[in-house]
Protein chains: 2
Amino acid sequence: MATTSISRSAFYQYFEDIHQLMKELLDMLAEEIFAAAKPWIAGVGDPVALTHESLEGMVHVCYQRGPFLRAISDAATTDDRFEQDWSDFLGAFDDAACSRIEADQKQGLIARFEPRPVAFALNRLDAHTVIEAFGKHPRSKPEPVHEALVRIRISTLYGSEWVEKRSSNLVRT
Amino acid sequence: MATTSISRSAFYQYFEDIHQLMKELLDMLAEEIFAAAKPWIAGVGDPVALTHESLEGMVHVCYQRGPFLRAISDAATTDDRFEQDWSDFLGAFDDAACSRIEADQKQGLIARFEPRPVAFALNRLDAHTVIEAFGKHPRSKPEPVHEALVRIRISTLYGSEWVEKRSSNLVRT
DNA sequence: TACATATCTGACACAGTGTCAGAAAACGAC
DNA sequence: GTCGTTTTCTGACACTGTGTCAGATATGTA
């Protein structure tokens with residue numbers, strides 16, 4: 001508040017409390033991130049390419065909004081109510097990733113394993129990697145982060161042979 | 001303090017401040033976790049088996065100490081000094097994982113990619129998966145978490161073919 | 001100008017963290 | 001036991017962050 005022109009009291013006329021401020025920021029960010037992740041979540045076509053595309057969008061949004069993302073994630077550790085909101089946000093991604101993995105398993109594209117713990121772990125991977133890499137200035141460069149996330153997700157889900165194939169294709173074109 | 005028999009003031013005779021309390025807890029936990037992770041970090045032999053062993057130990061320790069781990073991780077988001085301590089702790093793992101990946105790349109066991117971002121991402125994966133899975137009661141079961149972390153790390157580093165091979169071996173024996 | 005509505009502010013209350021002088025307890029010598 | 005010394009503990013205070021509220025100020029309108 002010290003850096004703004006209005007008083008602390010005036011703030012409470014626009015937001016019920018700090019929790020609600022963070023909640024609205026989270027909702028805005030969630031919308032952007034879901035939109036970016038949509039290709040892999042709901043798209044049709046080569047799932048390896050869709051993974052690449054979704055992670056590219058997700059990394060791009062998080063690179064831009066890094067400090068917001070970090071503030072939101074930090075707030076989740078101090079406010080009991082907001083912790084639930086943050087958990088719901090990540091949980092929605094877990095559900096979506098789970099569904100996609102199950103669908104691809106039925107098509108024989110992904111090996112048969114319990115999807116829930118792997119989806120959970122991969123989502124914590126993405127979330128906390130971008131939070132730590134982009135949350136504080138100076139931020140990491142987005143490209144190496146994107147490449148690492150793509151490599152890990154594709155190796156885990158579709159097989160490591162697709163990682164090198166894809167990168168060599170990209171080099172040739 | 002309300003749940004203890006001593007006063008708040010007495011606490012400050014044993015610890016300089018809350019930061020120092022968390023720091024000592026972190027140091028204790030770091031020792032346990034480093035010891036558990038040692039096989040893959042510094043061991044010789046089949047790296048796939050060593051990965052499995054290290055993650056088993058790490059998951060076991062974190063399952064037991066989950067609430068402590070979570071408290072420590074949460075403290076890092078509110079205390080500037082402690083944030084640095086936590087960052088150093090994770091950074092030490094990044095360095096160790098980086099070295100191991102580079103060594104295995106020289107031996108041709110791991111594909112040639114930039115090791116730092118992948119090591120960073122895999123460590124955030126492990127850390128925040130166990131924190132969220134084991135940090136709050138009721139805790140998740142450790143076995144599915146371990147299996148997911150093993151699957152992801154082995155697929156990413158040594159190739160996804162080793163995941164199924166290993167699990168089929170384990171079924172037969 | 002006068003009234004009504006919208007917006008803002010200072011003062012207060014309460015919780016969390018750290019400090020400090022002095023009280024209480026433990027110990028040792030006689 | 002009773003001093004004197006050292007260790008340990010406590011209540012009161014100071015400072016910061018969060019939220020509330022009555023009343024002041026600004027804005028719009030007839």
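The sequence lines fix the lettering, A, B, ..., with proteins before strands; numbering per chain opens at 1. We use all heavy atoms of the structure for the numbers below, so side chains are in, but hydrogens, waters and symmetry mates are not. Treat the numbers as computed from the prediction; the structure is a model and nothing was measured.
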B/R124 charged N/C atom sitting above B/F120 aromatic ring, 6.0 Å / 45°: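 Ring-cation test returns yes.
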
Touch class at under 4.0 angstrom, heavy-atom based, for B/F15 against every strand present: nothing

In this structure, how many angstroms lie between the [atom2] atom of [N] and the [atom1] atom of [X], rounded?
X     : N      : atom1 : atom2 : value
A/R81 : D/dT18 : CZ    : P     : 13 Å
A/Q13 : D/dG23 : CD    : C1'   : 12 Å
B/Y12 : D/dT7  : OH    : P     : 23 Å
B/M1  : D/dG11 : CE    : P     : 12 Å
A/D79 : C/dA15 : CG    : P     : 17 Å
A/Y14 : C/dT9  : OH    : C1'   : 13 Å
B/F82 : C/dT17 : CZ    : P     : 14 Å

Check: B/S9 side chain, C/dG18 base, donor-acceptor under 3.5 Å: no

Any N/O donor-acceptor pair, B/R8 side-chain to C/dG18 base, under 3.5 Å: yes

A/S160-B/S160 side chain donor-acceptor pair, cut-off 3.5 Å: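 A donor-acceptor contact under 3.5 Å links the two side chains.
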
Modelled atom types, side-chain donor and acceptor of B/D88 and B/Q84, under 3.5 Å: yes

Listed once per pair and sorted, the salt bridge (Lys or Arg N to Asp or Glu O under 4.0 Å) pairs that draw on residues 47-69 of chain A, sequence neighbours left out: A/E32-A/R65

Mutual orientation of the aromatic rings belonging to A/W86 and A/F89 [parallel < 30°, tilted 30-60°, perpendicular > 60°]: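 Answer is tilted, since the angle falls between 30° and 60°.
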
Plane angle bin for B/F82 and B/H19 - parallel if under 30°, tilted between 30 and 60°, otherwise perpendicular: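 The arrangement is perpendicular - the two ring planes meet at more than 60°.
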
Of residues 17-27 of chain A, the positions that come close to DNA chain D - non-hydrogen atoms, cut-off under 4.0 Å: A/D17, A/I18

